[in-house]
Peer 1: 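Pasting in a structure now, in C-alpha cells, and then I'll have a few things to ask.
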Amino acid sequence: MAAKIRYDDVEVGTELPAQSFPVSRAALVRYAGASGDFNPIHWNEKFAKEVGLPDVIAHGMFTMAEAIRVVTDWAGDPAAVVEYGVRFTKPVVVPNDGVGALIEVSAKVAAKLDDDARTVRVDLVAMNAGQKVLGMSRAVLRLA
C-alpha cells in the first residue's frame, strides 16, 4: 500500500475527519492478551481502586493506538506514518457500566516539513470525558 493523500494537495490547517472510539472492559481484556500487558489496573476494578485509581483504566498504548487511527485512515496506509509520539496526560477511565469510555480524536496538518521527502506533521487531540488524555500527540507522515 501507499498513502492515498498527495502531498501537493495538502495545506497546513487541513483538518482530518474526527473519529470517536468506544472503549469497553472486553476491549481492554483483548488488548491485554494481544500485548501481554496483564497489569491488573487495566482489568481488575478492586485492584485499580486499591492503588488509588478511580476505576480500571485503559492501557496507554491502547489509547495511543486508537488515536493514530484517525491519521492512518486519512492517509490510507498505516506505513505512511514514519514517526509518532505522545505524552500521556490523563488516564482513560473505563467503568463497568455496559457503556465504558469514549476516546474522541481530532487532528490537523500542522506543518509541511520536507517537499523532497513529501512529509507532513499532523497534530492530534485525544479527549475523554472532557479531558485531554494525550499531550504533544504528533505524527509525521510521508505522503504520495
Side-chain angles (χ1 to χ4, degrees), residues 1-7 9-10 12-114 117-144:
M1 289 181 74
K4 293 180 177 19
I5 303 294
R6 292 178 27 86
Y7 178 84
D9 296 338
V10 173
V12 171
T14 298
E15 292 188 19
L16 285 61
Q19 294 185 50
S20 296
F21 305 99
V23 184
S24 67
R25 293 275 181 99
L28 297 182
V29 171
R30 286 192 301 275
Y31 183 83
S35 68
D37 181 353
F38 292 101
N39 186 326
I41 64 172
H42 302 303
W43 57 269
N44 184 315
E45 185 173 332
K46 181 178 180 290
F47 183 86
K49 289 181 176 181
E50 285 175 353
V51 298
L53 294 169
D55 209 328
V56 164
I57 62 171
H59 303 73
M61 297 301 284
F62 175 90
T63 304
M64 191 177 173
E66 291 289 68
I68 196 67
R69 289 174 54 192
V70 167
V71 175
T72 59
D73 287 354
W74 173 73
D77 180 12
V81 178
V82 295
E83 286 180 39
Y84 179 42
V86 306
R87 289 194 178 136
F88 301 108
T89 56
K90 298 276 185 193
V92 174
V93 178
V94 183
N96 190 21
D97 61 1
V99 176
L102 190 67
I103 301 169
E104 299 172 288
V105 183
S106 60
K108 70 178 176 178
V109 176
K112 291 183 95 167
L113 301 176
D114 186 340
R118 308 181 75 73
T119 54
V120 298
R121 188 187 87 220
V122 174
D123 291 352
L124 297 92
V125 176
M127 305 285 292
N128 168 251
Q131 295 188 355
K132 197 175 198 182
V133 295
L134 299 176
M136 298 295 293
S137 184
R138 297 179 172 172
V140 175
L141 287 82
R142 182 169 290 115
L143 301 178

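This structure is a prediction, so every number in the text was calculated from the model and none was measured.
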Peer 1: With a sphere of 6.0 Å drawn around NZ of K90, does it hold more than 12 non-hydrogen atoms of other residues, nucleotides or ligands?
Peer 2: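 Count not over threshold, so no.
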Peer 1: Which heavy-atom pair separates A126 from A67 by the least distance, and what is that distance?
Peer 2: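 For A126 and A67, the tightest heavy-atom pair comes out as CB-CB, 4.5 Å.
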Peer 1: Could you state the interatomic distance from CG (L134) to CG (L124), rounded to the nearest 0.5 Å?
Peer 2: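 Going from the CG atom of L134 to the CG atom of L124 covers 8.0 Å.
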Peer 1: Angle between ring planes, H59 versus H42, binned at 30° and 60°: parallel, tilted or perpendicular?
Peer 2: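 Parallel.
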Peer 1: After noting the C-alpha distance and the side-chain angles of N96 and V56, does the key distance pass the side chain to side chain contact (heavy atoms under 4.5 Å, CB included) rule?
Peer 2: CA-CA 8 Å; N96 190 21; V56 164; over 6 Å; no
Peer 1: Quick check: do L102 and V92 have side-chain heavy atoms less than 4.5 Å from each other?
Peer 2: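 In short, these two side chains do not touch, never coming nearer than 4.5 Å.
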Peer 1: After noting the C-alpha distance and the side-chain angles of Q19 and D73, does the key distance pass the side chain to side chain donor-acceptor pair (under 3.5 Å) rule?
Peer 2: CA-CA 10 Å; Q19 294 185 50; D73 287 354; 3.0 Å; yes
Peer 1: CZ of R138 to CZ of R121: how many Å apart, nearest 0.5 Å?
Peer 2: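 Rounded to the nearest 0.5 Å, the CZ-CZ separation comes out at 4.0 Å.
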Peer 1: State which residues pass side chain to side chain donor-acceptor pair (under 3.5 Å) with Q131; sequence neighbours excluded, sorted by chain then number.
Peer 2: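 So Q131 forms no side chain to side chain donor-acceptor pair (under 3.5 Å) with any residue.
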Peer 1: Could you report the tightest heavy-atom contact between V125 and K132, atom names first, then the distance?
Peer 2: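 For V125 versus K132, the nearest heavy atoms are CG1-CE, 4.4 Å.
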Peer 1: Could you state the interatomic distance from CG (N44) to CG (L28), rounded to the nearest 0.5 Å?
Peer 2: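 CG of L28 is found 12.5 Å from CG of N44.
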Peer 1: In this structure, are over 12 heavy atoms from other groups packed under 6.0 Å from R142 atom CZ?
Peer 2: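 No, because the 6.0 Å sphere around CZ of R142 holds 12 heavy atoms or fewer from other groups.
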Peer 1: Which heavy atom in Y84 sits nearest to a heavy atom in S137, and how many Å separate them?
Peer 2: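 That closest heavy-atom pairing would be CE1-OG, 3.9 Å.
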Peer 1: Among F88, Y31, F21, whose ring pair (Phe, Tyr, Trp, His ring centres under 6.0 Å) with F62 holds?
Peer 2: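 Passing option: Y31.
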Peer 1: To the closest 0.5 Å, what do you measure between CG (L141) and OG1 (T119)?
Peer 2: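 Separation between the atoms: 9.0 Å.
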Peer 1: Under the 3.5 angstrom rule, does the side chain of R118 hit a backbone N or O of A144 as a donor-acceptor pair?
Peer 2: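 Yes: the side chain of R118 pairs with the backbone of A144.
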Peer 1: Say you draw a straight line from CG of D123 to NZ of K108; how long is it, rounded to the nearest 0.5 Å?
Peer 2: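 If we round to the nearest 0.5 Å, D123:CG and K108:NZ are 8.0 Å apart.
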Peer 1: Taking all non-hydrogen atoms of both residues, which atom of V133 and which atom of P91 are closest, and how far apart?
Peer 2: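 Closest approach of V133 to P91: CG1-O, 4.2 Å.
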Peer 1: I need the minimum non-hydrogen distance between V94 and V23, along with the two atoms involved.
Peer 2: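 Nearest pair, atom of V94 first, then V23: CG1-O, 3.5 Å.
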Peer 1: Tell me the closest heavy-atom pair linking P95 and D55, and the distance in Å.
Peer 2: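 Scanning both residues completely, I find the closest heavy atoms to be CA-OD2, 3.6 Å.
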Peer 1: State the CE-OG distance between M127 and S20, to the nearest 0.5 angstrom.
Peer 2: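 With rounding to 0.5 Å, CE (M127) is 11.5 Å from OG (S20).
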